[in-house]
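These notes concern the structure reproduced below.
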Number of protein chains: 2
Amino acid sequence: MRQTANALDDLPWETWDDPQLAKRSAVRWKLMFSGDRTDTADMSAGIAEFAPGGILPLHHHAPSEIYHVLEGEGRTEIEGVAHALRAGVSLFIPAGARHRTTNTGTSVLRLIFVFPTDTFGEIVYHFDE
Amino acid sequence: MRQTANALDDLPWETWDDPQLAKRSAVRWKLMFSGDRTDTADMSAGIAEFAPGGILPLHHHAPSEIYHVLEGEGRTEIEGVAHALRAGVSLFIPAGARHRTTNTGTSVLRLIFVFPTDTFGEIVYHFDE
């Protein structure tokens with residue numbers, strides 16, 4: 001049976017396939033749950049890590065998304081409204097809302113993201129900048 | 001507009017309305033997102049905290065659920081299969097699966113839970129013990 005439990009230490013870091021995008025989006029992630037690789041459904045989830053100064057440029061996707069910050073400091077703008085990120089902060093990003101995340105601190109920014117989709121592959125990233 | 005962003009420190013602890021259940025289930029939680037109190041949809045989420053020795057007895061609910069452990073040590077049994085909990089461990093609990101969580105450590109066990117429902121109130125807890 002495919003996994004329905006995992007530990008972050010055992011998961012590989014991933015980034016964008018597109019080298020141009022990888023260059024301007026200093027974020028990497030680990031996927032905890034995605035129905036194409038884990039025996040899961042209904043939700044896909046991972047952890048994202050931003051280096052200091054790293055930016056995930058303005059983008060949107062059809063499904064909504066939850067962020068929960070584990071460590072570090074940053075800022076997420078959702079449709080132009082800025083939210084400060086620090087450990088314990090949660091954000092809900094409405095379906096289709098344009099959002100941008102920046103690590104404004106001097107250490108790594110780590111957050112959990114969850115989508116209401118069976119797989120992460122269903123999330124089509126449309127970049128707006 | 002109702003909140004779509006919040007910080008754990010600002011949220012109240014909650015527990016079961018049923019005093020009998022509150023007595024035998026040594027868990028408390030904070031709700032980060034639930035569409036009846038936040039301007040959110042698609043997913044509801046919170047953080048649960050178990051005192052040392054605390055147990056959320058065997059139960060099930062129609063929707064699936066994700067756990068992501070933030071701190072502490074424990075064990076979750078899902079349909080009889082035991083999973084060790086420590087920081088960084090994620091579990092997917094399939095729809096309807098019976099599960100029980102115990103804090104087996106000497107400090108607080110904290111985990112994030114997410115449901116693929118608009119509200120937490122949609123989660124009807126059926127206890128199996």
Side-chain angles (χ1 to χ4, degrees), chain A residues 1-11 30-35 37-47 62-71 75-79 81-97 99 110-118, chain B residues 1-11 30-35 37-47 62-71 75-79 81-97 99 110-118:
Chain A
M1 195 178 80
R2 292 184 298 167
Q3 283 190 309
T4 57
N6 57 53
L8 281 178
D9 288 348
D10 300 331
L11 298 173
K30 294 183 175 195
L31 281 185
M32 301 181 303
F33 298 120
S34 179
R37 52 172 94 176
T38 50
D39 194 16
T40 60
D42 310 324
M43 295 174 284
S44 53
I47 184 171
S64 58
E65 183 176 14
I66 283 176
Y67 280 1
H68 180 77
V69 182
L70 298 179
E71 62 175 289
R75 184 179 63 244
T76 295
E77 293 129 31
I78 304 173
E79 290 294 339
V81 178
H83 301 275
L85 304 183
R86 58 182 167 77
V89 166
S90 300
L91 298 184
F92 178 81
I93 298 157
H99 54 293
R110 272 189 178 224
L111 56 84
I112 292 173
F113 56 90
V114 188
F115 294 105
T117 59
D118 291 341
Chain B
M1 195 177 83
R2 291 183 299 167
Q3 283 189 307
T4 57
N6 58 52
L8 281 178
D9 288 348
D10 300 331
L11 299 173
K30 294 182 175 197
L31 282 184
M32 301 182 302
F33 298 121
S34 179
R37 53 171 93 175
T38 51
D39 194 17
T40 60
D42 309 325
M43 295 173 283
S44 53
I47 184 171
S64 59
E65 182 176 13
I66 283 176
Y67 280 0
H68 180 76
V69 181
L70 298 179
E71 63 175 288
R75 184 180 61 244
T76 295
E77 293 130 31
I78 304 173
E79 290 294 340
V81 178
H83 301 275
L85 305 183
R86 58 182 167 78
V89 165
S90 300
L91 297 183
F92 177 82
I93 298 157
H99 53 294
R110 271 189 178 227
L111 55 85
I112 291 172
F113 58 89
V114 189
F115 295 105
T117 58
D118 291 341

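Worth knowing before you read on, the calculation uses all heavy atoms, side chains too, and leaves out hydrogens, waters and symmetry mates. So you know, we letter chains A, B, ... as the sequences are listed, proteins then strands, and number each from 1. Quick caveat: nothing in here was measured; it's all calculated off a predicted structure.
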Ring pair (Phe, Tyr, Trp, His ring centres under 6.0 Å) against A:Phe33, all qualifying residues, sequence neighbours excluded = none
Specify which of B:Thr76, B:Val69, B:Ile66 makes the most heavy-atom pairs with chain A at under 4.5 Å.
-> B:Ile66
Which pair of heavy atoms, one from B:Phe92 and one from A:Asp42, lies closest together, and at what distance?
-> CZ-OD2, 4.5 Å
Interface check, chain B: of A:Ala5, A:Ser90, A:Ala87, most non-hydrogen pairs under 4.5 Å belong to A:Ser90
For A:Met43 and B:Val114, work out which heavy atoms get closest and say how close.
-> CE-O, 3.4 Å
Can you tell me how far the OG1 atom of A:Thr4 sits from the CD atom of B:Glu79, to the nearest 0.5 Å?
-> 11.5 Å
A:Ile112 portion near chain B, given a 4.5 angstrom heavy-atom threshold = side chain
Side chain, backbone, both or neither: which part of B:Ile78 has a non-hydrogen atom closer than 4.5 Å to chain A?
-> neither
Between A:Ile93 and chain B, which part of the residue has a heavy atom less than 4.5 Å away: side chain, backbone, both or neither?
-> neither
Top contributor to chain A contacts, counting heavy-atom pairs under 4.5 Å, from B:His83, B:His68, B:Arg86 = B:His68
B:Ser64 and A:Ala41: which non-hydrogen atoms are nearest, and at how many Å?
-> OG-O, 4.2 Å
